[in-house]
Participant: 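Starting off with a structure, shown below.
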Amino acid sequence: MIPRRPRTLHGVLAMLIALCLTLVPGFAPTTAATGQSLDVDITGLTPSSIGKSGRVTLSGTVTNTGSKDWTALQAYLLIRPAPFTDREDLAEQAEVDHGFAGTRIVDVGRFQELGDLAAGASVNFRLSIPVKNLPINGTDGVYPIGVQILGTDAAGNRSSTAVARATTLIPKMTGTKQSAATTVVWPFLLPAKRGPKELLAAISTGGQLRNLLDLAIGTGSSGRGVIVDPALVAAVDKLSEDEPDAERFRDDLIAISTDSSAWVLDYDRADVLALVRDTTARRHLIGAVERATDSVVDQFGLSRSRVSWPTQNGTSGALLSSIRESGDDPVIVSSLALPDWTSDEGALVSRSTRSGDLPLLVDDDVTRGIPGTLTVATLRQRILAGTALAALNDASGAESVVVVPPRFDPGQLATLEFETDYAQPRSLTAVPRGSRYTGKVEKATDVPLSQEQISASDQAAQTAAVVSAAAVDHDQVDDLQAVMIADTLGVRWRGKSSGGLAKARGVERKIRADLEAITLMAPPEVTLSSSEGGFPITISNGSDHAVRIGLRLDSSNPSLSFDDLPPVEIAADERRTVTVEIDLDEQNATTVTARMMTPDGHVFGSSDEFIVRSSRVGIVLWATMGGAALFVVFALVRRFGKRRKAGTPSPAGELDD
């Protein structure tokens with residue numbers, strides 16, 4: 001049997017690197033004893049780029065997040081000897097080398113003794129070394145630099161393997177003349193925990209969203225982009241009536257969300273991946289999401305530029321085609337979804353779909369896979385590293401776009417400053433359209449909302465359309481219902497199938513109850529005094545808004561027909577009675593079915609069925625009664641006449657018998 005060859009050289013390299021990492025001390029990942037864990041944050045790196053002289057200083061914090069103590073902790077600086085000059089090589093190396101190791105600097109005086117660290121405690125580290133003493137080859141590029149922590153666990157075990165680590169990137173661009181455009185995109189989304197107390201905490205001084213907004217404002221507008229979720233603006237506005245912090249946050253957010261460098265996201269970041277599976281539901285639900293989005297945009301004067309943002313692992317070719325059917329607004333995609341994309345194609349590429357070209361803004365996180373949490377310092381290094389790698393391509397119009405994670409908390413009073421000759425700030429709307437991306441689009445691996453939840457939301461949308469058609473102020477009713485429906489479609493419901501389904505069904509019940517509050521009542525039976533006549537039908541409006549309702553009447557007798565009754569306006573909590581005219585002609589009786597109807601002709605609600613009869617004995621009865629009356633009069637007159645004749649006196653002189 002002929003052995004199969006590895007598919008790519010990268011696959012062989014990945015296997016070899018992974019094997020080496022398990023053998024070389026200080027490189028292999030380790031598992032601490034139960035109850036022991038350390039977190040490392042890099043909070044400072046100066047300078048942000050390696051110069052020709054001076055010192056490089058790395059600082060940060062080590063926190064014991066476990067339940068047991070560590071002893072004799074040490075912090076070591078490490079740096080990769082050779083830089084990366086290509087983002088693809090950097091990404092591949094980070095993928096296979098999860099420790100992202102470099103050369104550990106173990107010279108006396110170059111590492112730091114941190115001592116013992118009790119459970120829950122933290123300690124700061126600061127490692128500094130002259131540039132001339134860095135173990136690097138000195139060529140231009142991007143160098144991984146970081147810290148490794150060694151220590152003794154509660155069981156007395158100690159080895160040369162790092163028990164915790166964190167890494168960032170530092171460029172060296174002293175010999176490069178090329179520069180690249182840099183855009184930092186700041187997203188503001190409604191958090192998953194959105195109760196009044198939780199939301200107020202997030203937008204008040206020291207809260208995550210407040211800190212993020214302050215940092216975005218502080219960076220200036222020249223190289224900034226903003227993505228705003230209209231659901232966040234609407235939710236904060238509700239709190240602003242009683243909370244000054246909410247009012248201030250709302251006003252500050254709106255101020256940076258109205259210019260041309262701001263893009264507006266679908267309301268509550270709708271799960272477009274879930275909508276791809278159901279064509280019929282997609283038509284109804286996308287309409288509700290757009291309506292909810294537009295209502296907030298109009299109310300607060302937000303930017304008219306729209307954008308879609310699937311989750312990192314939630315992009316597929318079918319999804320992109322589906323989005324293009326609704327328009328050609330740009331879509332933010334992770335570089336992971338476009339495995340064949342290279343930075344020289346540009347940050348904004350075109351993707352061909354069956355409905356036309358679709359612009360894709362590629363979020364290329366060059367630090368993906370590198371150990372360590374995101375801090376202001378490491379965010380700055382991410383921005384500079386991406387820009388440096390773009391500049392090193394020597395491509396015309398080189399650029400880098402960094403989308404800040406929406407849940408990132410920079411901390412209070414944070415600042416983000418960087419000035420280099422290889423980074424040129426560029427606003428979001430100034431990012432030029434690059435080449436056409438013709439490569440592969442990865443399959444989505446995220447699990448979207450359940451089909452049951454989408455179906456329940458779709459039913460709510462269909463019912464809402466009937467309520468809207470009947471409403472007098474249908475624009476206001478449309479907006480309210482659209483927001484309710486859009487609130488059931490956010491990606492925040494992923495992983496919460498029972499809660500999401502309950503939410504969607506609850507919205508459907510609420511909208512259906514609004515429709516069912518409009519009722520019809522007809523008499524159980526109608527008897528006409530002749531073949532023609534009228535009867536009353538009452539319509540009651542128990543909803544919270546005025547409606548216009550017409551009537552459609554059908555007869556069980558095919559020879560009889562009714563014209564639709566024109567709509568009548570009925571205020572909330574009021575009722576109106578209309579009179580229906582009917583001509584049975586030669587018929588004695590018929591069964592009539594009455595139904596309510598919206599002004600556009602949509603019949604809805606329960607029907608009311610009753611019998612209409614014609615009383616044809618009426619004429620005979622009146623004739624008989626008239627004849628009887630005449631007979632009585634005739635009899636009385638005749639009798640009265642006889643009595644008068646019998647009582648007449650005899651002539652004078654005659655004797656009585």
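The figures here come from the full heavy-atom set of this structure, side chains too, leaving out hydrogens, waters and symmetry mates. This chain uses plain numbering: 1 for the first residue, then up along the sequence.
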Participant: Before giving the answer on side chain to side chain contact (heavy atoms under 4.5 Å, CB included), spell out for W263 and V228 the whole-Å C-alpha distance, their side-chain angles and the decisive distance to 0.1 Å.
Facilitator: CA-CA 7 Å; W263 287 353; V228 60; over 6 Å; no
Participant: Measure from the side-chain N and O atoms of R269 to the backbone N and O of W309, and report whether any donor-acceptor pair falls under 3.5 Å.
Facilitator: yes
Participant: May I ask you to decide whether R210 forms a salt bridge with D252, counting only side-chain N to carboxylate O separations under 4.0 Å?
Facilitator: yes
Participant: Should K510 and D514 count as an ion pair when the cut-off is N to O under 4.0 Å?
Facilitator: no
Participant: Within the distance-only criterion (no hydrogens, no angle test), does the side chain of Y267 pair as donor or acceptor with the backbone N or O of D294 below 3.5 angstrom?
Facilitator: no
Participant: Under a 3.5 Å cutoff, is there a donor and acceptor pairing between the side chains of T387 and T182?
Facilitator: yes
Participant: Between R248 and T205, what is the shortest heavy-atom contact and its length?
Facilitator: NH2-OG1, 3.5 Å
Participant: Spell out, as yes or no, whether a donor-acceptor pair under 3.5 Å connects the side chain of S322 to the backbone of A318.
Facilitator: no
Participant: So that I can tick it off, tell me whether R304 and D298 are bridged by a salt bridge, with the cut-off set at under 4.0 angstrom between side-chain N and carboxylate O.
Facilitator: yes
Participant: Check whether any side-chain N or O of D237 sits under 3.5 Å from a backbone N or O of V233 as a donor-acceptor pair, and report yes or no.
Facilitator: no
Participant: Any heavy-atom pair between the side chains of W186 and I227 that's under 4.5 Å?
Facilitator: no
Participant: What pair of heavy atoms forms the shortest contact from S559 to Q587, and how long is it?
Facilitator: OG-NE2, 3.9 Å
Participant: Nearest 0.5 Å, what's the OG1-CG distance between T591 and L560?
Facilitator: 11.0 Å
Participant: For atom CG of D475, is the number of surrounding heavy atoms from other residues, nucleotides or ligands below 6.0 Å larger than 12?
Facilitator: yes
Participant: Looking at T315, V441, L348, V333, which hits side-chain contact (heavy atoms from CB on, under 4.5 Å) with L360?
Facilitator: V333
Participant: Rounded to the nearest 0.5 Å, what separates atom CG in L501 from atom CD in Q451?
Facilitator: 11.5 Å
Participant: Should D600 and R548 count as an ion pair when the cut-off is N to O under 4.0 Å?
Facilitator: no
Participant: Can you tell if the side chain of L212 reaches within under 4.5 Å of the side chain of D409, non-hydrogen atoms only?
Facilitator: no
Participant: Can D365 and R87 be counted as an ion pair, charged N to O under 4.0 angstrom?
Facilitator: no
Participant: Got a salt bridge between R552 and D564, using NZ or NE/NH1/NH2 to carboxylate O under 4.0 Å?
Facilitator: yes
Participant: Kindly indicate whether the side chain of P191, heavy atoms from C-beta on, has any atom under 4.5 Å from the side chain of R407.
Facilitator: yes
Participant: Enumerate the side-chain hydrogen bond (donor to acceptor under 3.5 Å, both in side chains) contacts for residues 327-337, please, sequence neighbours excluded, ordered by first and then second residue.
Facilitator: S334-R368, S335-D364, S335-R368
Participant: I'd like to check T219 versus V184 (side-chain heavy atoms, cut-off strictly below 4.5 Å). Are they in contact?
Facilitator: no
Participant: Taking atom types as modelled, is there a side-chain donor on S497 or S450 under 3.5 Å from an acceptor on the other?
Facilitator: no
Participant: Taking the side chain as C-beta and beyond, is there a heavy-atom pair between I511 and I485 under 4.5 Å?
Facilitator: yes
Participant: Take S350 and R433, measure what side chain to side chain donor-acceptor pair (under 3.5 Å) needs, and give me the verdict at the end.
Facilitator: CA-CA 7 Å; S350 297; R433 184 74 66 92; 3.0 Å; yes
Participant: Got a salt bridge between R576 and E569, using NZ or NE/NH1/NH2 to carboxylate O under 4.0 Å?
Facilitator: no
Participant: Of E508, H284, R505, which meets side-chain contact (heavy atoms from CB on, under 4.5 Å) against Q459?
Facilitator: E508
Participant: N541 versus R575: any side-chain heavy-atom pair under 4.5 Å?
Facilitator: no
Participant: Using a 3.5 Å distance criterion without hydrogens, assess whether the side chain of T353 forms a donor-acceptor pair with backbone atoms of D357.
Facilitator: no
Participant: So that I can tick it off, tell me whether R436 and E345 are bridged by a salt bridge, with the cut-off set at under 4.0 angstrom between side-chain N and carboxylate O.
Facilitator: no
Participant: For A471 and H545, which heavy atoms make the closest approach, and how far apart are they?
Facilitator: CB-CD2, 4.0 Å
Participant: Evaluate side chain to side chain donor-acceptor pair (under 3.5 Å) for T258 paired with S303, printing each intermediate quantity in order.
Facilitator: CA-CA 4 Å; T258 55; S303 169; over 6 Å; no
Participant: Looking at G225 and L428, what are the two nearest heavy atoms and their distance?
Facilitator: CA-CB, 3.7 Å
Participant: Is any side-chain heavy atom of L275 less than 4.5 Å from a side-chain heavy atom of I286?
Facilitator: yes
Participant: Can you check whether S326 reaches E290 side chain to side chain, under 4.5 Å on heavy atoms?
Facilitator: yes
Participant: Please report the shortest heavy-atom distance between A444 and S316, naming the atom on each side.
Facilitator: N-CB, 4.0 Å
Participant: So, S240 side chain and E247 main chain: donor-acceptor pair closer than 3.5 Å or not?
Facilitator: no
Participant: Evaluate side chain to side chain contact (heavy atoms under 4.5 Å, CB included) for M521 paired with I537, printing each intermediate quantity in order.
Facilitator: CA-CA 6 Å; M521 183 176 67; I537 293 182; over 6 Å; no
Participant: Quick one, D478 with S468, criterion side chain to side chain donor-acceptor pair (under 3.5 Å). Give me CA distance, side-chain angles, the key distance, then yes/no.
Facilitator: CA-CA 6 Å; D478 267 350; S468 174; 2.6 Å; yes
Participant: Side chain to side chain contact (heavy atoms under 4.5 Å, CB included) between Y437 and D340: does it pass, once the steps are laid out?
Facilitator: CA-CA 8 Å; Y437 178 74; D340 301 321; 3.5 Å; yes
Participant: So, the side chain of R224 versus the backbone of T183: is there a donor-acceptor pair under 3.5 Å, distance only?
Facilitator: no
Participant: Below 4.0 angstrom, N of the basic side chain to O of the carboxylate: do D458 and R282 qualify?
Facilitator: no
Participant: Is any side-chain N of the basic residue among D446 and R494 closer than 4.0 Å to the acidic one's carboxylate O?
Facilitator: yes
Participant: Using side-chain contact (heavy atoms from CB on, under 4.5 Å) as the criterion, point out the one residue from L489, V289, D487, V491 that pairs with D268.
Facilitator: D487
Participant: Do side-chain atoms of Q208 reach the backbone of P406 as a donor and acceptor pair under 3.5 angstrom?
Facilitator: yes
Participant: Any chance you could lay out the side chain to side chain contact (heavy atoms under 4.5 Å, CB included) test for F535 and E581, step after step, and finish with the verdict?
Facilitator: CA-CA 7 Å; F535 53 87; E581 300 294 335; over 6 Å; no
Participant: Any sub-3.5 Å donor-acceptor pair from S295's side-chain atoms to A292's backbone N or O?
Facilitator: yes
Participant: Less than 3.5 Å apart, any donor N or O on the side chain of S204 or D245 sitting next to an acceptor on the other?
Facilitator: yes
Participant: State, to 0.1 Å, how close P310 and G314 come at their nearest heavy-atom pair, and which atoms those are.
Facilitator: CB-O, 3.9 Å
Participant: For residues D259 and S261, is any side-chain donor paired with an opposing acceptor at under 3.5 Å?
Facilitator: no
Participant: Does this structure show an ion pair linking R492 with D271, if we count only N-O contacts that are shorter than 4.0 Å?
Facilitator: no
Participant: Look up atom CG in L416 and atom CD1 in I383, then write down how far apart they are to the nearest 0.5 Å.
Facilitator: 5.0 Å
Participant: Side chain to side chain donor-acceptor pair (under 3.5 Å) for S457 and T488? Distances and angles first, verdict last.
Facilitator: CA-CA 7 Å; S457 299; T488 70; 2.8 Å; yes
Participant: Decide whether T538 and T577 meet the rule of one side-chain donor and one side-chain acceptor closer than 3.5 Å.
Facilitator: yes
Participant: Is it true that R595 and D608 have a side-chain N and a carboxylate O under 4.0 angstrom from each other?
Facilitator: no
